[in-house]
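Note: hydrogens, waters and symmetry copies are ignored here, and every other heavy atom, side chains too, is used.
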Amino acid sequence: LILFLTSLTLFFFIEKEYIPRIDTGEINIKLRLPTGTSLQLLNKYAEHIESLPEIKSNINSILTMVGAEEDFLIHKSSSEEFSQLNVKVSLKEEIGISSFNFSIKLKEILKNTDLVTYLIEPKENMLGELLSEKSAEISYFIIGEEENVINEFSKNLKDKIYKINGVRMIFLGNEEEKPEYQIKYDAYKLAKYGLTNVYISTFIKIALKGIKVSEIKEGGISLPIRIGMKKNSSDTIEKIKSLRIVTPFGENVPLEQFVSFQKKNIRSNIIRHGNTQVNPIQIFIDPKTPDSKNQILDLLNKTQLPEGIKIKDSSEKEKLTESLNEMAIAFSLALLLIFMLLAGLSQSYISSFLMLTTVPLVFIGTFPALVITGKSLNISSFMGFILLMGVVVDNAALYYEYFNLYLKEIGDIEKAMFAATSTIFRPVIMNNTTTILGMFPIIFSISKGSEFQIPLGIVVISGLITSTVLSLFVIP
């Protein structure tokens, strides 16, 4: 009982995650630069990263892309298209370093500046990317109805979080703004000259980027026909204003007679949930300071929320909580079904309950093993617990069967217990040993992707060892 209670206390020291981190040998390096950064400057940053000695000597391949990836569709804004650089690096297997450790090494080399922000993360496996949000270490949604209240609260919260040691970057979804020109039409003058908003808008499109008006077929291939103006005639706002447009009455009038241009900074994106606005906040922390997550969580719990403001966890914590709840339900249902089956076979509720007492014995070995090996409690280890339940109860049922046989034959309870123990000792040891040996290749595998199976192997091996030894004493 003491061992069982002690092992339960270790539960709070085990890292919990939805899916174990899997080393794919790839690293994503993302650079965020100010809106409107030229392609030439982006190329210089790409060449700088590709020329690093650490990159050249340790990679198999490198892929550089300009623009935003689809990974961040929920946070994607139009301004990111020309201010983001993505570099994907594939490491050599023979260098003997994980992508997680190599990314830490790169973070020490590539430092953030006022101009550029580096986001360096090891790439997760496809399953992990689909089922969790590993791109942001911590991600929350700030939900409310009043836009001004949300924005003010978000900025104040960002300043408080930045004071926590280990916080590298914070991105607010509604914080980014971009400049743009808004066109205001003079309805009276448009009507006077017989023009419409659509007519003026089309004229401006032709001046800026041209429009497709038709197509021509050559050799079975359709080629678009576009009309436009020379770049040097519309490369400034003043030149656009001075462009002359022919009215239906044949008059040649400058464009600025009908419209006015006003430059404004506008929000890049607005996210809504029903009738409420959502401001996503992404917090990236230094892997060397894992306690930062707990400090951020404490800060959020202590922060007094304005009226109408809510904070919702959008990262994998919610998935993990749901997974733990589902695991508890599955574990309880499995125990109930096993109890019903044992009660039907043994015709005794008390004996069935005694056989189920071997199930908690698995935690005496599994929790310490997860703490010692540094593995997390996740879906893989959950499957190991479910597997253990069947094996452990099977050993108890085997003992109970032989105990009843010897009790009828000998008639003495104590002698029947010793006889049953000596009889099942070898079969139980052999059965569990073969299972344990079969799990050894899993826990000692060093191939890519083995991180998903290792927690399962550790749980099964440690659980079988302790439950086998203890059940031979506890059940009698």
Side-chain angles (χ1 to χ4, degrees), residues 28 30-37 67-86 107 112-121 132-180 264-286 289 292-318:
N28 289 336
K30 300 181 185 294
L31 289 77
R32 294 194 178 190
L33 293 98
T35 303
T37 302
E69 276 194 299
E70 297 298 320
D71 297 344
F72 301 98
L73 278 180
I74 189 170
H75 306 299
K76 183 179 177 183
S77 64
S78 58
S79 64
E80 289 179 336
E81 290 295 339
F82 301 102
S83 60
Q84 184 163 308
L85 183 68
N86 301 319
K107 289 173 185 177
N112 294 338
T113 64
D114 295 336
L115 182 64
V116 60
T117 301
Y118 292 95
L119 179 59
I120 305 171
E121 298 292 341
S132 61
E133 297 183 22
K134 299 291 186 177
S135 55
E137 295 287 344
I138 307 174
S139 180
Y140 289 95
F141 285 150
I142 301 174
I143 305 173
E145 296 182 359
E146 297 290 336
E147 180 180 353
N148 295 333
V149 177
I150 294 177
N151 293 338
E152 183 179 356
F153 175 76
S154 300
K155 291 178 180 178
N156 293 335
L157 182 62
K158 177 181 177 180
D159 294 336
K160 292 179 181 178
I161 295 176
Y162 255 130
K163 296 178 181 178
I164 296 176
N165 182 37
V167 175
R168 295 193 290 115
M169 288 180 292
I170 301 176
F171 295 132
L172 288 176
N174 290 353
E175 184 180 42
E176 186 177 3
E177 294 183 345
K178 68 170 185 176
E180 74 171 23
K264 286 187 176 182
N265 290 326
I266 66 163
R267 193 74 47 78
S268 298
N269 56 356
I270 297 177
I271 304 173
R272 301 189 68 87
H273 179 71
N275 294 327
T276 59
Q277 288 199 24
V278 178
N279 189 5
I281 178 172
Q282 293 176 285
I283 308 167
F284 298 89
I285 65 174
D286 191 337
T289 57
S292 300
K293 286 187 177 182
N294 296 329
Q295 295 182 37
I296 293 172
L297 185 60
D298 291 340
L299 173 63
L300 294 177
N301 292 333
K302 295 177 181 178
T303 300
Q304 186 174 0
L305 302 179
E307 185 178 354
I309 296 294
K310 297 179 182 178
I311 299 179
K312 182 180 178 182
D313 193 328
S314 64
S315 59
E316 71 173 14
K317 181 183 176 183
E318 188 175 345

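- Note that the OG1 atom of T276 and the CZ atom of F141 stand 11.0 Å from one another [nearest 0.5 Å].
- For E146, the CD atom counts as loosely surrounded, since its 6.0 Å shell holds 12 or fewer non-hydrogen atoms of other residues, nucleotides or ligands.
- Listed by chain and number, the residues in a side-chain contact (heavy atoms from CB on, under 4.5 Å) with L305 are F153, I311 (sequence neighbours excluded).
- The shortest non-hydrogen separation linking S292 to G166 is OG-CA, 3.7 Å.
- Remark: E152 CD to I309 CD1 distance equals 10.0 Å, nearest 0.5 Å.
- Of the inter-residue distances, the one linking L299 atom CG with N294 atom CG reads 12.5 Å to the nearest 0.5 angstrom.
- Note that the CD1 atom of I142 and the NZ atom of K158 stand 11.0 Å from one another [nearest 0.5 Å].
- Here the closest non-hydrogen pair linking I170 and Y162 is N-OH, 3.3 Å.
- Of all heavy-atom pairs spanning N165 and Q295, the tightest one is N-OE1, 4.5 Å.
- With sequence neighbours left out, the side-chain contact (heavy atoms from CB on, under 4.5 Å) criterion links E180 to K178, Q182, I266.
- Summarising the geometry, atom CG belonging to L297 is positioned 10.5 Å from atom NZ belonging to K302; distances are rounded to the nearest 0.5 Å.
- Screening N156, T303, I285, I281 for a side-chain contact (heavy atoms from CB on, under 4.5 Å) involving I161 leaves a single residue, I281.
- With sequence neighbours excluded, the residues forming a side-chain contact (heavy atoms from CB on, under 4.5 Å) with T117 are R32, N112, M169, F171, listed by chain and number.
- Between N279 and L172, some side-chain heavy-atom pair lies under the 4.5 Å cut-off.
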